[in-house]
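Residue numbers begin at 1 in each chain, while the letters A, B, ... track the order of the sequences. Atoms considered below: every heavy atom in the structure, side chains included; atoms not considered: hydrogens, waters and symmetry mates.
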Protein chains: 2
Amino acid sequence: MEQTAPQKGTVTQRAIEQIKAMIGEGLLEPGQRLPTERDLATQLGISRSSMREAIRALTVLGVLEARHGSGIYVTQLNAGDLLETFGVVADLSRGARLVELMEVRRVLESTATALAAARITPEQLAEVELHLAAMAATDDPEEILSHDLAFHRVIATAAGNDTMAAILEGLSSRTFRARVWRGYQEEGAFERTGREHARIHRALVARDPEAARAAAAAHVGEVEAWMRSQLDAEPA
Amino acid sequence: MEQTAPQKGTVTQRAIEQIKAMIGEGLLEPGQRLPTERDLATQLGISRSSMREAIRALTVLGVLEARHGSGIYVTQLNAGDLLETFGVVADLSRGARLVELMEVRRVLESTATALAAARITPEQLAEVELHLAAMAATDDPEEILSHDLAFHRVIATAAGNDTMAAILEGLSSRTFRARVWRGYQEEGAFERTGREHARIHRALVARDPEAARAAAAAHVGEVEAWMRSQLDAEPA
DNA sequence: AAGCCGTAGTGGTCGGACCACATCTCTGGC
DNA sequence: GCCAGAGATGTGGTCCGACCACTACGGCTT
């Protein structure tokens, strides 16, 4: 009697764990192509349907990538691939957790900005200035939001920690930011964010990590404080 | 001609987005029971197989929960539920990204410990001391690891930011920590971590946030530095 | 030699059948 | 009358087989 699978959980869950384990043990390298769904199902002794569910699960986690007509591949397992799901959290959060997320962002963003102050390259600094100018040149909220995101993305990248940058990216996902901004910008917070961005930029130019940390913390803290007030106003 | 679905992406992906949107718009409350798989499939005009893949995807993301024989439910959407996937990232990361993750953990853990110093309750402090004593009382690595995790978990909880605590939890997932410790503890780092824990505890007792921040940063920083050296030693 | 086109192979979708489990209902005995 | 047990019902879990949509490759045509 061969009892290779000790019957724990659903077969799909088992398949997920097994594939994860294969990757963890290095049996499957990033970018590598997996056997076909049909073969995988046979190998693990389950039906193709169940195997497909397992693959779909690992796909949304950013571990696998399915290309129609071609095959299933292991992703590069970059921080960005794996942390994409972080955006889901931000999009589904409301009320108190939004504030908590902003607190996390404040901590990480200020650290990232401080690191960037020490490490940013002239090219990256030029890019920062480009987005800064673009924000000042228009009053289209959509465009401003777009450059705002890019502004912080460049800085996060310049910090040199891809993982941290990926997390911050998730905490700034488009729908998330759009939701916050909707009410925020209507209170004349436009020019203030402009000043704050300028202050961050000055700190980067001066290569002053502490000033950069303070400026970034204040910048995110402003939004955080506003959200806190909103939360108190209508605790629904 | 009704073209409700403008044909973008796979039907499964569309189903995932639609359910996510329903939750985002508040049509589905946390804890609420969804229609049956069969009904949902009919409503969205897709097959049950595809719907099941969508449900499975949202299940691994911690958004939905399927109970065999009972139904499908929206989770409480707690930070813990949604950020459980964060552990996957930690488990699948190697080499440089491990160091990056530790850097993120250092930043968040030091902040959380600082917050805890200001907010921790006597009960929580007693729990901290309990794990501290337990770690000193045994030399079984498994048990020490267990209490080490609990030690930091209590502190993270005491910080009052569930989201931050959930992220730190993911960054300390059992398999992740076990992998790091395997080589780490063999270098006489046992007593050092003991001293570091004691230092964190003293800062908490003294309700000194800055001392707590420094102690936590040093604690995580030690491991981080060790990992960096390992990375340089064998850049494979 | 270059481009076209057919074909085999792959993931994507579908429908149906059956199983395992949870829950409620109805029955029977106490 | 009440409670425990057996049954019926409905649910998610698994499997199968078929077909569609797309990609990639190779041979064919020009």
Go through it in stages, so that I can follow the logic: the residues are A/R56 and A/E53, the test is salt bridge (Lys or Arg N to Asp or Glu O under 4.0 Å), and I'd like the CA-CA distance, side-chain angles, deciding distance and then a yes or no. CA-CA 5 Å; A/R56 172 71 62 178; A/E53 286 187 27; over 6 Å; no
Could you verify whether a donor N or O on one side chain and an acceptor N or O on the other, from A/D91 and A/S173, lie under 3.5 Å apart? yes
How long is the line joining CD of A/E37 and P of D/dC16, in whole Å? 15 Å
Report, as a single string ordered 5' to 3', how protein heavy atoms within less than 4.0 Å touch nucleotides 20-25 of chain D: B base, S sugar-phosphate only, - not at all. -BBB--
Residues A/Q13 and A/T10: side-chain donor-acceptor under 3.5 angstrom: no
side-chain N/O A/S50 vs D/dC15 OP1/OP2, d < 4.0 Å: yes
Steps toward salt bridge (Lys or Arg N to Asp or Glu O under 4.0 Å) verdict (A/R14, A/E17): CA-CA 5 Å; A/R14 243 180 298 159; A/E17 300 299 339; over 6 Å; no
Please report the distance, rounded to the nearest Å, between CD1 in A/I16 and P in D/dG13. 12 Å
Looking at the side chain of B/A66, which of D/dG12, C/dG12, D/dT14 is the nearest nucleotide? D/dG12
B/M51 has an atom CE; how far is it from atom P of D/dG13, in whole Å? 14 Å
Check whether any side-chain heavy atom of B/V88 lies under 4.5 Å from a side-chain heavy atom of B/L92, and answer yes or no. yes
Minimum-distance pair of heavy atoms, taken over all atoms of B/P30 and B/L77: CG-CD1, 4.0 Å
Find the distance B/R48:CZ to D/dC15:C1' and express it as a whole number of Å. 11 Å
Please give, in whole Å, the distance from C/dC14 P to B/I46 CD1? 7 Å
Nucleotide nearest B/S47 when distance is taken to its side chain, options C/dG15, C/dG12, D/dT14: C/dG15
Just how far, in rounded Å, is P of D/dG12 from CZ of B/R52? 9 Å
On the side chain of B/S49, is there an atom forming a donor-acceptor pair with the base of C/dG15 - under 3.5 Å, no angle test? yes
B/R105 with B/E103: basic N within carboxylate O range, under 4.0 Å: no
Hey, can you pull the residues of residues 53-65 of chain B with a non-hydrogen atom under 4.0 angstrom from DNA chain C? none
Of A/H197, A/E224, A/R106, the residue whose pairing with A/H219 passes side chain to side chain donor-acceptor pair (under 3.5 Å): A/H197
Using 0.5 Å steps for rounding, measure from the OG atom of A/S146 to the CE atom of A/M135. 10.0 Å
Checking C/dG12, C/dT10, D/dT14 against the side chain of A/R33 (C-beta onward), the nearest is C/dT10
